[in-house]
Amino acid sequence: MKKNKKAIIYQLMPRWFTNLTEDCVTNGDIKQNGVGKFNDIDESKLHSIKSLGATHVWYTGVIEHATATNYSHHGISPCNPHVVKGKAGSPYAIRDYYDVCPDLAVNVKNRMAEFESLVERTHHAGLQVIIDFVPNHVAREYGSDAKPIGVKDLGEGDNPTMFFDPNNNFYYITGQEFSPKGIDLGHGKKAYHEFPARATGNDCYTASPSRDDWYETVKLNYGVDPWNGSTHFDPIPPTWTKMLDILLFWAGKGIDGFRCDMVHMVPVAFWHWAVARVKERYPKMVFIAEIYDVSLYHSYIYDGGFDYLYDKVTLYDTLRGIMCENWPASALTHCWQTVEGIAGHMLNFLENHDEQRIASSQFLDDPFKALPALVVGATMGTAPFMVYAGQELGEPAADAEGYSGMDGRTTIFDYWSVPSLRRWHLGKPKAHERRLRSLYRKVLRLASDDKTLAFGQFFDLMYVNQDTLDTHRHYAYLRHCDGEMTLVVTNFGPTMADVVVRIPQHALDCAQMPHGDYDCTDLMTGQQGRIALTDDSSAQVHIDAHGAVLLKISRIQCTTD
């Protein structure tokens, strides 16, 4: 990732990002509700994303996945809708690893060329491209009609009489028909049949997964016998080589990184082997891991070779707990302690496609109340920060789109249009959307461009401010770099506060800032002042309710030592 900036990743689903259909129908098909296209993400929209402070775009749902839409007239085998979630289908039920989603093309025949043009446009706009790699599972009807000559399909050559064979790509529930609980597989010629059944993607090794399982997917076999945990990695299993070929295929399209789905469900030995081989040919390729087991963080960074890991179960969960469940703000100290030594490898976020929207009634309802969380997530360390399209506009996800229902999330399963984004693209945003986006732009650009916030060292101030701050609502820290530092004070509470924040001598020593008088500027408001740094320094700070102050301290005026 770019070394002169902190990485800011903007996640979007092309399916709905530019879809301008106003009156979408619940469970509507593509003709009723429309769909966004690669070509719709033009120079102006990319410039708008970049102006927000983004350095990367994560295009979610690029690779062809199972869908209820029939493209057989384009030579693409249709999917049985009984094993597709929603009309559009899940982007994590990959149908063909060597193709892009035909929904997203204006000219389906030229769909790959349209994607390649999007990559080129994105680069021309000064942004880098990330796409998904889904290594753990595929759609139940996986079959590539676009694979290069000589490439063997997943499942080709498997021995379905064996539950586990290291040479198989799938796990087979021998002698049993696939019969998920509570799922209608249809009747007659339109029914879906699978015999023998194969294990389901969320490590469900029965023929009868439930509706809550990932029943539309099939688990891939990387040489691990799930019954006894034994590993069979020598010789290299066929699944490894097939998945490496897929990574190299997409790397050859000029992309800059992979967001890898549920990496902890794939053995770290595979990642150690595959990531190194990709980086031999594409040394700047970035690998981002979706992972939810803190105990595995070090292994997937140092053994697996990942550049960045989701920091969901530490920072995200803690910030949500503070905002919604009355957790103390001081709990944030535990977050950086948990990832100390690897903090720069974390990826911080407040929203993504799996999590509820901040502005939803199921989360915070009011997106402006999340400002202190935004500031902490974006400026606590050198880690990249991610924004989900519409987050910067306060999208509430208040629609019951179809398969998802009204769950506070923007659907990944249905054809839909996002109201806040639609208004933005049409140049008709609401006043609060414009105001929130301006706030995001300020914070994200500061986080990315200011050297103390992008690259500086972190110093937690809570241990010397137990009696000066309301530790349940306030959190304070320093970031310092090259003789400058920024004091960050956040207020998660519903009332404004005037606080005195102590800055200990140890912090000044770490920042290499001698005693003296310094200029200070609130980076959020531009208000200027002066501060004296001594062996007993403190800063008087006014913080609005649900607010934050970023006080840049720099430019020595005179020294006393």
Side-chain angles (χ1 to χ4, degrees), residues 11-37 60-61 65-69 79-93 101 103-104 139 180-186 202 209-217 320 323-324 349-367 369-370 387-426 428-430 432-433 436:
Q11 181 193 3
L12 67 86
M13 286 194 71
R15 180 195 294 167
W16 48 247
F17 180 68
T18 56
N19 186 4
L20 301 182
T21 304
E22 290 193 20
D23 299 314
C24 288
V25 178
T26 299
N27 286 313
D29 60 26
I30 192 171
K31 291 182 180 179
Q32 294 170 302
N33 289 356
V35 68
K37 305 291 184 181
T60 304
H65 55 268
T67 176
T69 303
C79 300
N80 189 307
H82 294 99
V83 283
V84 176
K85 288 183 177 178
K87 289 288 194 298
S90 168
Y92 295 98
C101 176
D103 282 346
L104 306 179
K181 299 173 184 176
I183 302 298
D184 177 17
L185 294 184
N202 59 320
S210 72
R211 181 181 174 83
D212 294 331
D213 289 310
W214 306 344
Y215 66 85
E216 85 281 24
T217 69
R320 179 155 183 166
M323 289 186 283
C324 301
F349 57 86
L350 297 180
E351 284 189 8
N352 62 43
H353 66 275
D354 286 317
E355 309 301 340
Q356 290 171 326
R357 293 284 194 174
I358 295 167
S360 70
S361 60
Q362 294 90 340
F363 193 160
L364 203 56
D365 204 36
D366 180 354
K369 291 181 180 179
V387 175
Y388 191 35
Q391 175 184 341
E392 75 280 15
L393 300 171
E395 171 56 40
D399 301 318
E401 306 103 330
Y403 184 86
S404 292
M406 194 177 293
D407 60 359
R409 298 173 178 85
T410 297
T411 181
I412 66 169
F413 304 106
D414 306 284
Y415 295 112
W416 206 253
S417 175
V418 179
S420 60
L421 286 168
R422 189 171 66 243
R423 287 190 291 269
W424 182 261
H425 294 322
L426 293 172
K428 300 177 181 178
K430 294 182 178 181
H432 78 274
E433 293 169 345
L436 184 66

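The shown structure was predicted, so the numbers you read here are calculated from the model rather than taken from an experiment.
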Legend entry - Closest contact, heavy atoms only, Ala400 versus Trp416: O-CH2, 4.2 Å
Inset, instruction - Report yes or no: is the cationic atom of Arg357 (NZ for Lys, CZ for Arg) closer than 6.0 Å to the six-membered ring centre of Phe363, at no more than 45° off its axis? - result: no
Legend entry - Backbone N/O of Gly36 and side chain of Thr18: donor-acceptor pair under 3.5 Å: no
Inset, instruction - Compare all side-chain heavy atoms of Asp184 with those of His82 and state whether any distance is below 4.5 angstrom. - result: yes
Legend entry - Under 3.5 Å: donor-acceptor pair, side chain of Asp414, backbone of Tyr403: yes
Legend entry - Spatial distance of atom CD (Glu351) from atom CZ (Arg409) [nearest 0.5 Å]: 11.0 Å
Inset, instruction - Using side-chain contact (heavy atoms from CB on, under 4.5 Å) as the criterion, list what pairs up with Pro396, not counting sequence neighbours. - result: Ala359, Ala398
Legend entry - Sub-4.5 Å side-chain heavy-atom contact between Glu392 and Trp424: no
Inset, instruction - Answer yes or no: is there a side-chain heavy-atom contact under 4.5 Å between Glu355 and Phe349? - result: yes
Legend entry - Donor-acceptor contact below 3.5 Å, side chain Gln391 vs main chain Ala389: no
Inset, instruction - Using the test side-chain contact (heavy atoms from CB on, under 4.5 Å), find all partners of Cys101 that sit at least two apart in sequence or belong to another chain. - result: His65, Asp103, Leu104
Inset, instruction - Would you name the heavy atoms of Ala139 and Ala66 that are closest together and state the gap between them? - result: CB-CB, 3.9 Å
Inset, instruction - Check step by step if side chain to side chain donor-acceptor pair (under 3.5 Å) holds for Tyr415 and Thr21. - result: CA-CA 10 Å; Tyr415 295 112; Thr21 304; over 6 Å; no
Legend entry - Gap separating the OG1 atom of Thr411 from the CD atom of Glu401, nearest 0.5 angstrom: 5.0 Å
Inset, instruction - Name all residues meeting the salt bridge (Lys or Arg N to Asp or Glu O under 4.0 Å) criterion together with Glu395; count only those two or more places apart in sequence or in a different chain, and write none if there are none. - result: none
Legend entry - Tyr215: partners by ring-ring contact (aromatic ring centres under 6.0 Å, His included), with sequence neighbours left out: none
Inset, instruction - Work out which heavy atom in Glu433 is nearest to a heavy atom in Ser420; give both atom names and the distance. - result: OE2-CB, 3.6 Å
Legend entry - Ser210: partners by side-chain contact (heavy atoms from CB on, under 4.5 Å), with sequence neighbours left out: Asp212, Asp213
Inset, instruction - Please collect all side-chain hydrogen bond (donor to acceptor under 3.5 Å, both in side chains) contacts where either partner lies in residues 24-33, sequence neighbours excluded, each pair once. - result: none
Legend entry - Crowding at CG, Asp23 (>12 non-hydrogen neighbours, <6.0 Å): no
Inset, instruction - Check for a donor-acceptor pair, side chain of His425 on one end and backbone N or O of Asn19 on the other, with a separation under 3.5 Å. - result: no
Inset, instruction - Side-chain contact test, heavy atoms from C-beta onward, threshold under 4.5 Å: evaluate it for His353 versus Gln11 and give yes or no. - result: yes
Inset, instruction - Output the distance between atom CD (Gln362) and atom SG (Cys324), rounded to the nearest 0.5 Å. - result: 11.0 Å
Inset, instruction - Starting at CG of Asp365, measure out to CD1 of Ile358 and round the result to the nearest 0.5 Å. - result: 12.0 Å
Inset, instruction - Check Ile412 against Met13 and note the closest heavy-atom contact, atom names and distance. - result: CG2-SD, 3.7 Å
Inset, instruction - Please examine the side chains of Lys181 and Arg211, heavy atoms only from C-beta on, and report whether any two atoms are closer than 4.5 Å. - result: no
Inset, instruction - Measure the shortest side-chain to side-chain distance between Asn202 and Pro209 over non-hydrogen atoms and say whether it is less than 4.5 angstrom. - result: no
Inset, instruction - Could you grab the distance from atom CD1 of Ile30 to atom OG1 of Thr67, nearest 0.5 Å is fine? - result: 7.0 Å
Legend entry - Donor + acceptor pair across side chains of Thr410, Tyr388 (<3.5 Å): no
Inset, instruction - Over all heavy atoms of both residues, which pair between Pro91 and Gly61 is shortest? Give the atoms and the distance, please. - result: CB-CA, 3.5 Å
Inset, instruction - Can you measure from CZ (Arg422) to CG (Leu393) and round to the nearest 0.5 angstrom? - result: 12.5 Å
